[in-house]
Amino acid sequence: MPAGTDRTYTNFDKMAERYGVDRTTSAKWSREEGFPDLLFTEGQGGLHVYDAEDVDAWVRDHHFGSWFRSRQGKDNPLDLPKGGPRDLLSLRQIGELEGQALNRPPTSITTLRTYLSPSKRVLPPADRTPGDGLQPTVSEPMWFRETAYTYICRPRRTRRTTPVEAKQPSGRKSAPKQRAAGALLDLDLPDGADTDLLTLQEIGELDGKARGRGKATTVGTLKNYQSQELLAKADRTPGDGQEPAVDEPMWFRSTAYRFIRRPGRLGAAARASREIVDASEPLREDLKLPKGADNDLLTLQQIGELDGKARGRGKATTVSSMRTYLYNGLLAEADRTPGDGQEPAVDEPMWFRSTAYRFIRRPGQLGGSRR
């Protein structure tokens, strides 16, 4: 690390520890839109180093559950404005503070009033009311700052639970929301919390890619799946009184993924990739491959050279053959592409070493020198 600076640094291992995720997830975050720029690489393995404060601000905006989990145990986990514990706040002010803390629009007064209802009691009753005989007099219900902050900083669901289960009243069993017609498929889908919210369009994009169609499943098609009860009803709808408020129907990630993993025919690329996933043999661990960091970048030609040597063919797997593997879904899409805005910049598609090695270690017959 550079000497003589107050700047704090982080890397994928430190992010994983801080935010309670695995290293693969923290590395994937670096490929998401708006992630802070790479500052430099360090060590023989090219450890990626970022500004810790910039990363923390980004995680707060994009993965609030993970960020909030990292703040548990702090006196003021949401960095709310300081003030006296007995300062008086109106319902409107509480909604504005909650919106600021969660980086979203203010919680409406209507929603807050539902939290006051005896059936919920999420927000405690007002500490002060008109005509209560206390000073200073108030013309509307008011809450002490300490009461309001306890409500805003309350524990929020960040554990990976089934949202349907979480929504059911105690003692009631939830009925299955989607028809089962066989075992769900084990498809490659992005990591995330079960309670992350997805729009219909986002589900279509994930569905088309995961099932190997080469294009998104249209919103019209998804609505047809809904009518057939293959896709469950939305978990969240506008005006449902839950938080955060939504302005269109949205589905929990767990609900969406159950739909995407439904049994049925896959596209050509996904069928090809499943030849590895569904193979009776695990990935080969007997192949000799050079050591290196998982996020080292390799070109298609370099992967071909490693593949030919490790699998005993005596010559490199040609770039043409590698492109065929890529087209058929046996080799994953490139992790880096020109103009993707990440550092270091690349001038051709490149793959992380971990991605390349998974391809090379695929089950199947080896060349003569390895048999």
Side-chain angles (χ1 to χ4, degrees), residues 24-25 28 32-33 62-65 157-280 326-330 332-333:
T24 301
T25 298
K28 284 182 177 180
E32 293 184 22
E33 183 178 359
H62 293 80
H63 297 279
F64 180 81
R157 189 184 302 123
T158 58
R159 64 188 180 94
R160 297 177 64 84
T161 88
T162 303
V164 175
E165 174 190 347
K167 291 167 61 179
Q168 293 298 320
S170 176
R172 286 182 56 188
K173 293 184 178 180
S174 59
K177 297 182 75 176
Q178 295 168 220
R179 291 196 318 233
L184 297 180
L185 300 179
D186 183 16
L187 302 180
D188 185 17
L189 289 163
D191 292 334
D194 286 348
T195 50
D196 288 344
L197 293 173
L198 302 174
T199 65
L200 208 56
Q201 182 176 347
E202 289 171 330
I203 295 171
E205 291 169 355
L206 289 168
D207 183 62
K209 183 175 181 180
R211 296 183 69 91
R213 297 198 189 92
K215 60 181 181 180
T217 304
T218 66
V219 170
T221 299
L222 290 174
K223 288 180 178 177
N224 187 43
Y225 283 135
Q226 274 190 280
S227 68
Q228 298 173 32
E229 297 184 356
L230 291 173
L231 173 60
K233 293 180 180 179
D235 296 291
R236 294 291 316 284
T237 53
D240 60 9
Q242 299 184 52
E243 57 170 317
V246 297
D247 54 10
E248 63 180 302
M250 302 193 79
W251 285 254
F252 289 130
R253 187 183 295 275
S254 59
T255 306
Y257 279 15
R258 179 173 176 82
F259 161 72
I260 294 171
R261 289 176 169 139
R262 66 197 179 279
R265 184 175 177 80
L266 298 174
R271 288 200 302 273
S273 64
R274 283 185 61 78
E275 291 177 8
I276 293 178
V277 176
D278 295 336
S280 58
L326 180 62
Y327 176 79
N328 289 330
L330 292 171
E333 294 180 4

Atom CD of Q201 with >12 non-hydrogen neighbours under 6.0 angstrom: no
For Y225, side chain to side chain donor-acceptor pair (under 3.5 Å) partners two or more places apart: none
Residues which pass side chain to side chain donor-acceptor pair (under 3.5 Å) with E32, listed by chain and number, not counting sequence neighbours: H63
Taking atom [atom1] of [X] and atom [atom2] of [Y], what is their separation to the nearest 0.5 Å?
X    : Y    : atom1 : atom2 : value
I260 : L206 : CD1   : CG    : 5.0 Å
L200 : K223 : CG    : NZ    : 7.0 Å
W251 : T237 : CH2   : OG1   : 10.0 Å
L197 : T199 : CG    : OG1   : 10.0 Å

Give every residue pair that meets the ring-ring contact (aromatic ring centres under 6.0 Å, His included) criterion with at least one member in [range], sequence neighbours excluded.
range            : result
residues 195-224 : none
residues 196-224 : none
residues 198-219 : none

Backbone of F259 reached by a side-chain donor or acceptor of R262 within 3.5 Å: yes
Tell me the closest heavy-atom pair linking [X] and [Y], and the distance in Å.
X    : Y    : value
Q242 : D240 : N-OD1, 3.0 Å
A232 : Q226 : O-NE2, 3.9 Å
R211 : R261 : NH1-C, 4.2 Å
V246 : M250 : CG1-SD, 3.6 Å
P238 : P249 : CD-N, 4.0 Å

Heavy-atom side-chain contact between R253 and D194 under 4.5 Å: no
Let me check something: any side-chain donor-acceptor pairs from residues 214-222 under 3.5 Å, sequence neighbours excluded? List them with distances.
unit_1, atom_1, unit_2, atom_2, d
T217, OG1, D207, OD2, 2.6
T217, OG1, R213, NH1, 3.0
T218, OG1, T221, N, 3.1
T218, OG1, T221, OG1, 2.8

Stepwise side chain to side chain contact (heavy atoms under 4.5 Å, CB included) test for D196 and F252: CA-CA 6 Å; D196 288 344; F252 289 130; over 6 Å; no
